[in-house]
Amino acid sequence: MNGGGSMKILHTSDWQIAKPYSRVQNPASVALLQRERIAAIGRLGNVAKEQGCSLILVAGDLFDSNSADKAAVYAACAAISEIKLPVYVIPGNHDHAGAGGIWNQSFFKEVASKVPGLKILDKPAPEVREDVVILPCPLTRKQDAGDVTSWLYASGVAESLPADRPWVVLAHGSTQGFSSTADEDVAGQPNLIELSRLEILKPDYVALGDWHGTKQVGPNAWYSGTPEPDRFTKGADHDPGNVLVVELAGRGVAPRVEVIKTAGIQWHRLDFPFSGDESLNHFESKLDELLGQRAQRDVMELSISGYLGFEGDGRLRRRLETLEAQLLRLKLVDEVKVMPSDGELTDLTLRDDPLIAAMAGRLTEEAKSPDPAVQTRARLALRELYLLVTKGGSAA
Amino acid sequence: MKIKSAGIKNYRIHKELNVTFDDKLTIISGPNESGKSTLVEALHRGLFLKSKTGGDVRKSMLPKDEAVPEVNISLEVNGKSVRVDKVFNVTRGTTTLEVDGENVVAGEAADERLTEMLQTPGPLGASEKLLGQRWSHLWVWQGASGSSPLEAVTEAKQSLVARLNAIGGAAVSQSGLDDKVIRALIEKRDRLYTMNGADFRANSEPGLALQELELSRAVLDERQKDVARLDAAILTSEEASRILQEKSLALQAAANELETTKTRTREAESLQKTMEPLQKALQEASQELVSLQQVTEEIICDRQELGKATGESKACEAQLAALQKKGAEISFELEAATRERDSILSELELHKIHLEALSDQRILLQRKGDLKKLEEILRQIASRRDELKELIKQLESLPAIEKKDIKALAKLREDRLQAKSVLDALGARVRHVTGGSAVTVAGEALPVDGERLLTQDSDIRVGETLLRITLGNVSNLREAAAALESADEKLEKKLQSLGCATYEAAIDAHERRTVLLDKAASLEERLEEYNPEQVEADIAACRLEIDRATARLEKSEYEHTELPADLGMLEAEYDHFTALAQETDTRCQTHVILCKQRDSERKKHEDACAELTEKQRKLWEKTVSLNAGLDAKVKLHGSDEYRAKKHLDLLAKQEQAGQSLKILRTRLNALQPDLLEADTKRLEDTISRARDSIQQAQIRRQVAEQTLILDGNSDPRAALASAQAAFESEEQRFNHLKAQAEAIRHLAQLALEIQQEVSRQINRPLEEKAKAYLETVFGPGSTVTLSEGLQAQETPVIEIGRPGLGRFTFNELSGGAHEQVGVALRLAMAEVLAEGHGGSLPVILDDAFVNSDPVRVKSLHRMLYLAAQHGLQVIVLTCNPADYDTLGAAEVRL
């Protein structure tokens, strides 16, 4: 380190600005979710300033798409310019530096030129600062078959770097045995980074992007994760919505890493198996517990299964409607089997209307069919019959 | 109800007929046209037709004498005896009904009461259609046995359904809510699906969802295309970049290799230049060696040639001397032979002159003879010509009257005679019969026995008496006289033109002329046969030949003897000398050949001598030339010793140059000069192509990058993701609605099926009874099923199950089976209905089994017997009573 003292950097990645949230049907919710990602830039800028960081490293995927629109570019650049700190960005797989990339679009260049701190590191070349050496490994295509860090091993590269300040590798991709498998991401070959090989170079810190949860993957290698969650997580160890404040004390000194929460919107997952109409109350209390009285600040993936009677199913549907209004998005995985309760079945089969009784009997038999299509049809038909009967035969 | 007996009067062919029916089984038999069908018709009308009926219906009932039809029927209805008497007499018709224990009723009240007892809607008037329908389920009219019994049940359908309901008891009918639910389901289904039951209605929820789905699919396609275009441009750009990189490397490598190749080419060129003088020296030494060798060889050769020529010249000289000696001998022999030949030739010439003189003498003699004959002919010709001239003179003195003139004259004379006879006929004749007084007619005296023809009014004077004859037909007379005058004129004119005074003179002149003409023609013909011109020409030719022969003879050299003046002697002499000349000629030929032989030998010797002389000359010339040549060569190329030394020097020079060249060539070969040019060309091509590829790739990249420039107004990838999500959402929504719709459709289908099943339960008692009847014919296990409940509006389809044969609809059955199934169902219906008629009803079968074979008819006995056992009264009408002899029925024969 030139001058001797330690310095701090803020490591972040996967801002995914302009994420379309295509599964969210309500445009107002989409706008809210998108705005929250811009707001996250402000929050992490505040963290950087509060923590005394000298610069911000964005390890790829600043934009969700390589064809992000002007509005998103303006919004992001405006938020970055508010930070008033140098922001170093490498292109990731979503916003790679290849042909047609966002970074080369004239409108981006025009807007970015007015943001003094923003620096796009789209070439594999050392960025030597007085306090730190940044070794950017930008992606030039969505899927790179080679290791983007390869350029670091070329002869003369390491030798040319100043040894009196820390070296930070800035890369985007997956490391061995660890990759981004988001539920809404396009599955593909990961842009593999060989961490073990990086050890030869002895970088002081490896700032990684691509994985949306915060994760340490080597002694001094970290995924910062996205500062604002954008998907439903799988597993408890997946922890998105953070930034990392990395303190570097000098070349060859282990960094100190602090995880700081920046998430705005809460993303929930709830699995609930029903065991008849009685279990509805439990379901209701579970929802209250998770959401309280909050509105338009939560996103939920709800997987419901088990079985309900016709009345219970009616109640469930009504509750789901209110839940959808409460949430920014409800992702519903509905595997609930609607079967008449004993009382409902008796109501249908043991009655003085011989045709209705016969139909109900026939459908009850069909509902036991090994063919799932027949089963489903029979259940739907039973429900329809039940509703008709309870409405006294009115078709309305 | 049972029919006990019937009495018919004045009903078509039946004057009076009384029939008693068995309570169970009755066979009414009789031949065709015995009135069986009339009987059952009378029975039917007796039961159901009002007695006050007129019109066609009544007319059809009338017998020939048009007496009033009457029908009396005794019945048993619900255990009571009933008697009906009907007199069908239009407005005066009467019905009388007597029922046990009731007052006798008559008239329309009786008709009404009867229908009431028979449980039919009401008495019928003259409607044939309605008559045909009444009790048609029990009454199988002749020819109707194959029709569907369910279609025959029209009037009784309601009571049949009521009876079946009463018997079934357990049969369920749907509730009000059932009705509502089914109607609601069908309504819902119909709101969802089109008439085909498979497609959604456009305005239904799933229909609308489907449209939305299609719309979102179209949007998705568009978005996919947008992004695919971008992705394709990215790929193109990346590919172009890769090519640029590869080709740049290839270009550099090729340029380096080209430089190396050029250096080698320069080196090779320098080596080749060094080699050039050495090659030249080597070539010169070799050439000199070759020419020296050639000269030496030539000198040796010339010397050999000279020796050979000298030897040959000497041999030639000796040969020539011998040949010249032989030539002198041959010349002598030739001269002798020539002399002998010439002598024979002179002799032959003399013979030829003699023969020619003889030939001319022969011509002279022959032509003189010919001349004499020709001159005689000429004289005869002159005499004929004189004769002809005389004839012509005679002809010229006669008028030239042709045959046509004679014909014209004859016609004119005929015309005149005709005119004359007309005038004669018209005119009056005055004949002076007896003398006495002188008679003048028109001033001219008429002698006794004289006659005058009067053609105009004339005065006749007899003595003093003057008589005037006035002719009646004056105009005709004038015409006739004028005609005669005209005919006379014409005849006269014609005769004048021919130069004859009379017609007869003309005839005579014509005949004489004809004879003279014939004679002249004969003479001319004979003159033509003489051909005088030819005779004169022949005479001239003879004379010419005589002159020529005489001239030749005068000139001839023949002068030995007189030539014969007789042709015979001449021919003998000619033959003799001809033979002599031939013999001489043969001898002459032999000597000519001999002379030729000798001459040929002489020529050969002369040629041989000339040849040898020439040869000798050439050999001498050759010797001289060779000697001169040899001297010149030695002078030019030096002596033998000099040339041997020069040869050795040249060999040494050649060896030295060869060695130097070998070293240089090895160095040159190592550079592969042959390939260097091709290498240069190849590398230049490679560089040119690489430059082209680079240029093309640059253009492609530029074009692709142009496509990749975005305006930033929208994000095509985000738009694609949204479109994809929208599509999936629409798809999910549609599938959800589709599943719901299918459930409703299924429910509606199920409802209708169940409704049909419930409805069909009402048929059970009927189906079971029919089954019992059918089993008697088709065997155990036979079934009858009706597709719909009988209460339904539509007539159900009858389905028959036959053990071992499968299931058939009524319409699929054969004619015989039609009849059998039809009767079975009618019996079953009768049995169901009989409950309301005191346990019995009559079933009338008029010739109902015409299509059934005798075996099947036998098995039908069991069916009919079973019906009787079940309380029905079966009445069968047939013309074949034998078919039913085992039925155990009462028989009535008509």
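All of these numbers come straight from a predicted model, not from anything done at the bench.
Atom CD1 in I709(B) sits 7.0 Å away from atom CD in Q105(A) (nearest 0.5 Å). Annotation: the span from T140(A) atom OG1 to E238(B) atom CD amounts to 7.5 Å, rounded to 0.5 Å. Interatomic distance, D69(A) CG to N713(B) CG, rounded to the nearest 0.5 Å: 8.0 Å. One distance of note links CG of L385(A) with CD1 of I744(B); it measures 11.0 Å at 0.5 Å rounding. Atom-to-atom distance recorded for R717(B):CZ and D64(A):CG is 11.0 Å, nearest 0.5 angstrom. In this structure, the separation between CZ on R141(A) and CD1 on I234(B) is 11.0 Å, given to the nearest 0.5 Å.
Within the 3.5 Å criterion, the main-chain N or O of S714(B) finds no donor-acceptor partner in the side chain of K70(A). With D178(B) contributing its side chain and I356(A) its backbone, the two residues share a donor-acceptor pair below 3.5 Å.
Here the side chains of P20(A) and D715(B) are not in contact, with every heavy-atom distance at 4.5 Å or above. Residues V181(B) and L355(A) fail the side-chain proximity criterion, which asks for heavy atoms closer than 4.5 Å.
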Derivation of the side-chain contact (heavy atoms from CB on, under 4.5 Å) call for L747(B) and L363(A): CA-CA 9 Å; L747(B) 204 53; L363(A) 289 171; 3.2 Å; yes
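Checked for salt-bridge contact, E384(A) and R745(B) miss the test: no charged N lies under 4.0 Å from a carboxylate O.
With 3.5 Å as the limit, one finds no donor-acceptor pair spanning the side chains of Q724(B) and S22(A).
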